[in-house]
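None of the values given here were measured: they were computed from a predicted structure. Naming: A, B, ... by sequence-line order, numbering from 1 per chain.
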Amino acid sequence: MVIMMESKYDPKLVEKKWQKFWADNQIYKFNTESEKPVFSIDTPPPTVSGGMHLGHALSYTHADFIARFWRMMGYNVFYPFGFDDNGLATERLVEKKINMNSSDMTREEFIKLCLEKTKEAEKELKRQFTLIGLSVDWSINYRTISDYCRKISQLSFLRLYKMGRVYQKETPFMWCPKCHTAIAQAELEDVEQATFFNDIIFETEDGEKLVISTTRPELLPACVAVFVHPEDERYKDYVGKKVIVPLFGHKVSILKDERVDPEKGTGIVMCCTFGDQTDMEWYQAHNLPLRIAITETGKMTKISGKYEGLKIEEARKKILEDLKNKKLLVKQTPITHSVNVHERCGTPIEFLVTKQWFIKYLDLKKELIKRAKEINWYPKHMKARYDHWINGLQWDWCISRQRYFGVPFPLWYCKKCGSVILADEEQLPVDPLRDRPNRKCKCGSDEFIPEKDVLDTWATSSLTPQITLKWGSDFFNKNFPMSLRPQAHDIITLWAFNTIVKSILHENKIPWKNIMISGHALDTYGKKMSKSKGNVIKPEDVINKYSVDCLRFWASQSKLGEDLPFMEKDLVTGQKFSIKLWNAARFILSHIKGKRTEKPEKIRPIDSWILTKLNKQIKKITKMFKNYNYSGACHETVQFFWHDVCDNYLEMIKDRVYNKENYEEWEIQSAYFTLYKLLLTILKMMAPFMPHITEEIYHNYFSERENKKSIHISRWPSIDETLSNLEAEEAGNLAVDIISSVRKYKTKNNISMNAPLNKIIINCKKTEEDVLKLVVKDIKTTAKANSIEFGPASKITTENFGMTLNIE
RNA sequence: GGGUCGGUGGUCUAGUGGUUAUGACGCUGCCCUUACAAGGCAGAGAUCGCAAGUUCAAUUCUUGCCCGACCCACCA
C-alpha cells in the first residue's frame, strides 16, 4: 500500500508512529541465529541519579548513528542498554525521592527502598531514552544491582583475589566526611575556594617565636612535626629543637625536608596527620607519630580537647578566634586556592586512616598504556588523556565503599582467627550479611563476621562487556573484544580506564576494538549546563518544540570529541532540512510513482553528471562513517542533497518530466531512474541521522519496491561504477556554472527565474564547446532560453570561469 | 606548573600545501518559478589569533608567543 504524502510534514504524528512500529516489529533486535558478522556496542549504562539531560542525548545519539550505519552495512548489531543503579549517586536520588536520609532507617529498609525507587526511576529513564529514537535492542537489558550483575561483579572480585590482585590495607586514604566513605582518585574534583593563610606563632622550648602559615588551623591538634627546608639559612639553627603547638601545648620537633618550599609563607610548615598528601609522605619518611583530629563523620576528635565534636569548619573558626584572643594569630592573608572535593557532593576530602580493599594496578601502568594502543581511539588524541591519567596515578584502585546500596563483597571474616573467608563461585551472588560461607574456617570456627562494605560502583560497571556478552559463554568468547565502546570524555579516567584494567586482568585482552569519545552539551554561551546555573535544557523540551529528528540533527553537528553548544539555530536548520527533504521527496515521488525506474540502456549526460557525483558522495560518506566521522557524513549528505540535487539537478529535469513530448522515451526513463536512485540514496544516507522522516518517505514508496520492512534494515547504498562518466561530469559542472550566471543575470535585472530569455551566446574554448554540447538542451530548458549559440559574443553580459556569455 | 584541543565574515562553523576559503544564523535586494514563503535566487561581509621558519607556494606543516576551553598536578 502506498500512502499519499501530505503536503506538510507532521513530525509529532510520524515520529510516534514509527517508534511504535520499530518496537512492535523488533526492527533492532539482535538476531542470535544470524550468520552475519556482529557489530557489538558496549553502551554506557546511564547512572540512575536523575533525569536524562542534553549531554546524554548528544553522546547516545552519536553511538546510534554508528549503530544504524553498521546495521545497514549488513552487520548483526548487538546494541544493549543497561542502567547503573547502585552506588552513591543512586543512594542520593533515593534519599531525595523519599525525602529521608539513609541513616534514618535500617540498612535493610534502605536497600529495599532503593530497589523499589530505582525501578521507578529506570522506567522513567527508559521512556526518556526511547524518546530520542535509539536503535538499541531493549531486550538486552541489565541493571548493575541485579542478581546477575552482582554475580559477575563478585566473580570478578574472587578471581582477582585469587590472582593476588586484591589486597586489604589499613592506610591513610581519601575520605569523604559527608558521604562517610573512602573514595578513589578518579572521584576527586578541584574547586577554587576562598580562604585565609593564617600566620600563627609557635614558641620553641626556650621561648623563641616562630611564625607558621596554615590554611587549616583546625589541624593544630594533629600537628606532629614542623618542617623547614634544609638549605634555609633562616632556620638552620632551629632544626632539631622542639616547638610547642599553640592552644594544644604538645611539643613537636623541627625537622628538615627537601619538600618544603622556602618561598611559601614563612618557609616553615606544620605537618599534621593528615592535612594533605605531603603530610602522609612526611609521616612515612620521618616515622612520625599519628595524631588523628578528624573523625569519619568530619568532626573533631578527643585530642582536640575543648573543640571535640565540632565540625571542621566550626573548629577552624573557634580555634582562630582563640588564637586571636591570645595574640597568637599575627596575620591573615586572604587567598584562593583549589581544594580537592568529592565530585558527588562537593565536600573537601580528608585523609583518614581506614581499612580498605584495593585492586593492585600501579605496577601495570606501562602495560596499560601500551595495551590501549591496540584500541582504535576516535578521535585519536583522546588516548593522550588516558595515558596522562595513568602517568599521574598514585594509588591503587580502592574498591571498598562504606555505603549500603551496592554490590556486597563476597566474603566474611572468621570471628576467631580473623582470616578472610571467600564465598564459592557457585554460591554467587552472595550477601554476606544474610548468607553464610559454605564451610568452616581453617581454624575450625564457624562463626563469621560479614564484610559490610560494598564495592565501588565502577568495579561493576567496568565489567559491562562481561555482563552483556555473558562472561564465559561461547557468545562471549566469540565476541570479546567488543566492536565499540561509545562514551563521553569525562569518564575516560573512570569507565574507559577501569574497563580496560579489568579486561587486561581477566582476559589479557583489550575490551573493545574501537572507542568513540563524544563531547558534552553546553549551553548557548558555551558554558557547562548545571542545575545551579539554571541553564539546563531537557531533551524532551527540545523534542516537543521541534522534533526528535531535529534534536538528532543538532547532535550530528558536533565534531567527534568536541563539546557542542546548544544553538537554537541548528534546530531550525534541522527543521528546514526536514521540510526541504519532504518537499523534494513529494516532487520526485509524484513523478516516478507507477513508472519504470530500472536502469535504462542509455543515460542522458546530465543524469550521468549527478550520478557520477552521487557515486563520489557514497564513497566519501561511507568512508567517513567507517572513521566515525558522522558529522562529516551528515554535512556532506546535506550539502549534496541541497545544492547539487535540489538547486541544480531537480531544476534541470523539470522540462523532461513536464514536457515529455519533447523527449524520447529513453530520456524520460533516464530521468526516472536517476530520480529514484538519488532520492533512495539520500534517504539511506540520512537515515542514521533522521530515522523518522526517512522511514516515513521510504515507506511511501521504496519499502515495497525493495521489499524491506524498514529503511533501517535496508542495505547501505553501494557504488555502481558503470554509472560514472567523467566527461558528463565535466559537462554538468559547466552547465551549473552557466545556469548560475543566468540566475545572476535575472536577479540583477529583477526578472523572475521563470521569465523566458531570447538567446544565450556562449563564447568558450572549442574543447569546452564539445563538452557543453552534451548538455546544451538541459541548459536551454533550465534557463528558459529560446536558443543557445556558440560563438564570439558581441556584447559581454557576464563573465565567468574564463567563459563569456551574452544573454539577451 | 604539565597535558590535550581550539582560535576562520557580526555570531556559530566546514575545510584545504596551490585559481575566487565551506555552510548556517543574522543583514540587504529580488522573485508568490506547477516540490518547497518555516521557501527560492542573488548580494554585502574574513588581511583564516600574533610572530618567525620550512617551501616556488602556508589559513593548512614546524617552532615560539598570546587568548580560550577541558583534563591532570600543586594546593603549608
Side-chain angles (χ1 to χ4, degrees), chain A residues 5 7-9 185-186 188-190 192-193 195 197-200 212-216 219 226-227 259-261 264-272 275-279 335-340 348 379 381-394 489-490 492-493 519-520 522 524 526-528 557-559 561-565 567-570 572-591 631-632 635-636 638-639 642-643 646-647 650-651 654 657-658 740 742-755 784 800-802:
Chain A
M5 282 183 84
S7 64
K8 285 240 158 68
Y9 174 66
Q185 194 178 346
L188 299 179
E189 213 174 63
D190 288 2
E192 282 281 308
Q193 229 175 38
T195 184
F197 218 16
N198 304 289
D199 290 0
I200 297 167
I212 295 180
S213 305
T214 178
T215 55
R216 300 205 57 188
L219 287 179
V226 158
F227 282 95
R259 279 164 278 206
V260 178
D261 178 0
K264 215 161 196 174
T266 55
I268 316 177
V269 52
M270 67 172 189
C271 170
C272 311
D276 64 20
Q277 215 166 303
T278 328
D279 287 344
I335 55 157
T336 53
H337 67 162
S338 53
V339 187
N340 270 333
H381 69 254
M382 289 296 177
K383 167 77 164 46
R385 279 204 198 189
Y386 168 91
D387 293 351
H388 192 237
W389 166 254
I390 293 179
N391 284 327
L393 259 187
Q394 305 189 46
H489 57 56
D490 55 338
I492 291 176
T493 58
H520 283 153
L522 305 174
T524 312
K527 296 269 172 261
K528 248 188 189 168
Q557 302 303 297
S558 86
K559 274 212 296 184
E562 285 184 22
D563 293 346
L564 182 66
M567 294 274 179
E568 194 108 14
K569 73 179 181 72
D570 290 336
V572 174
T573 308
Q575 201 170 30
K576 285 187 175 180
F577 179 83
S578 303
I579 293 168
K580 188 85 181 168
L581 182 62
W582 184 254
N583 284 313
R586 274 205 311 143
F587 171 71
I588 294 173
L589 292 180
S590 74
H591 290 290
S631 61
H635 185 252
E636 284 296 327
V638 170
Q639 293 305 312
W642 208 298
H643 301 294
C646 293
D647 289 355
L650 292 186
E651 294 302 322
K654 277 184 177 167
V657 297
Y658 284 126
S740 135
V742 172
R743 281 180 181 151
K744 275 179 203 165
Y745 170 81
K746 287 186 174 176
T747 299
K748 218 173 249 170
N749 290 283
N750 292 357
I751 42 178
S752 133
M753 290 300 144
N754 224 10
K784 313 270 187 229
N800 207 354
F801 41 89

- Query: Closer than 4.0 Å, any side-chain N/O of A/Lys746 to the OP1 or OP2 of B/rC31?
  - Reply: no
- Message: Classify A/Trp582 by what it touches in the nucleic acid, base, sugar-phosphate, or nothing, heavy-atom distance under 4.0 Å.
- Response: nothing
- Round to a whole Å and report the spacing from NE2 of A/His643 to P of B/rG39. 14 Å
- Cation-aromatic face contact A/Lys654/A/Phe587, 6.0 Å, 45 degrees: yes
- Over how many whole Å does the gap from A/Ile579 atom CD1 to B/rG39 atom C1' extend? 9 Å
- Message: Taking 4.0 Å as the cut-off, does a side-chain nitrogen or oxygen of A/Lys744 come that near to OP1 or OP2 on B/rG43?
- Response: yes
- For A/Asp570, answer base if it contacts any base atom (sugar-phosphate contacts may also be present), sugar-phosphate if it contacts only those atoms, and nothing otherwise; contact means non-hydrogen atoms under 4.0 Å. nothing
- Task: Using the P atoms only, state how far B/rA14 lies from B/rG53, rounded to an integer number of Å.
- Result: 30 Å
- Query: Looking for any heavy atom pair under 4.0 Å, which part of the strands does A/Thr278 touch: base, sugar-phosphate only, or nothing?
  - Reply: sugar-phosphate
- Query: Quick one: which of B/rG6, B/rG23, B/rC71 gets closest to the side chain of A/Glu562?
  - Reply: B/rG6
- Query: When we call it a touch if two heavy atoms are under 4.0 Å apart, what does A/Asp490 touch: a base, just sugar-phosphate, or nothing?
  - Reply: nothing
- Query: When the distance from NE2 of A/His381 to P of B/rC71 is rounded to whole Å, what number comes out?
  - Reply: 13 Å
- Task: Verify the contact: side-chain N or O of A/Gln185 to OP1 or OP2 of B/rA73, cut-off strictly under 4.0 Å; return yes or no.
- Result: yes
- Message: Counting the atoms with a prime plus P, OP1 and OP2 as sugar-phosphate, which does A/Met753 contact under 4.0 Å by heavy atoms, base, sugar-phosphate, or nothing?
- Response: base
- Item | Among B/rC72, B/rA42, B/rC71, the nucleotide that comes nearest once only the side chain of A/Trp389 is considered | B/rC72
- A/Leu522 CG to B/rU11 P, straight-line distance once rounded to whole Å: 18 Å
- Query: OP1 or OP2 of B/rU13 less than 4.0 angstrom from a side-chain nitrogen or oxygen of A/Lys569, does that happen here?
  - Reply: no
- Message: Considering every strand and a 4.0 Å limit on heavy-atom distances, what is the contact class for A/Gln193: base, sugar-phosphate, or nothing?
- Response: nothing
- Which part of the nucleic acid does A/Val260 contact within heavy-atom distance under 4.0 Å: base, sugar-phosphate only, or nothing? base
- Query: Can you find a side chain N or O atom of A/Trp642 that sits less than 4.0 Å from OP1 or OP2 on B/rG40?
  - Reply: yes
- 5'-most contact on RNA chain B: A/Cys646 or A/Gly632, nearest heavy atom basis? A/Gly632
- Task: Could you check how far OH of A/Tyr745 sits from P of B/rU33, rounded to whole Å?
- Result: 20 Å
- Whole angstrom is fine here: how far is it from NZ in A/Lys559 over to C1' in B/rU16? 12 Å
- Message: OP1 or OP2 of B/rC25 versus the side-chain N and O atoms of A/Lys576: is any pair under 4.0 Å?
- Response: yes
- Contact class for A/Phe227 (heavy atom, under 4.0 Å): base, sugar-phosphate, or nothing? nothing
- Do A/Lys746 side-chain atoms and A/Ala755 backbone N/O form a donor-acceptor pair below 3.5 Å? yes
- With rounding to whole Å, what would you report as the distance between B/rU55 and B/rC61 at their C1' atoms? 10 Å
- Message: Could you check whether any side-chain heavy atom of A/Trp642 comes within less than 4.5 Å of a side-chain heavy atom of A/Asp647, counting everything from C-beta outward?
- Response: yes
- Message: Nearest 0.5 angstrom please: A/Cys646 SG to A/Ile588 CD1, how far?
- Response: 7.0 Å
- Item | Side chain of A/Arg385 (C-beta onward), nearest among B/rC74, B/rC70, B/rA24 | B/rC70
- Have a look at A/His635 and say if it touches a base, only the backbone sugar-phosphate, or nothing, with a 4.0 Å heavy-atom cut-off. sugar-phosphate
- Whole-angstrom distance between B/rC50 and B/rA58, as gauged at atom P: 15 Å
- Message: Working to the nearest 0.5 angstrom, can you tell me the gap between A/Gln575 CD and A/Ile579 CD1?
- Response: 5.5 Å
- Any donor-acceptor pair under 3.5 Å linking the side chain of A/Asp276 with the backbone of A/Thr278? yes
- Query: Whole-Å distance between B/rU4 P and A/Asp387 CG?
  - Reply: 11 Å
- Message: For the C1' atoms, the ones on B/rU54 and on B/rG64, what distance do you get once it is rounded to whole angstrom?
- Response: 15 Å
- Reckon A/Glu189 touches a base, only the sugar-phosphate, or nothing at all at heavy-atom distances under 4.0 Å? nothing
- Please determine if a side-chain N or O atom of A/Gln557 lies less than 4.0 Å away from the OP1 or OP2 oxygen of B/rA24. no
- Rounded distance (Å) that lies between atom C1' of B/rC30 and atom CG of A/Asn754: 15 Å
- Item | Check: A/Glu192 side chain, A/Thr336 main-chain N or O, donor-acceptor pair, under 3.5 Å | no
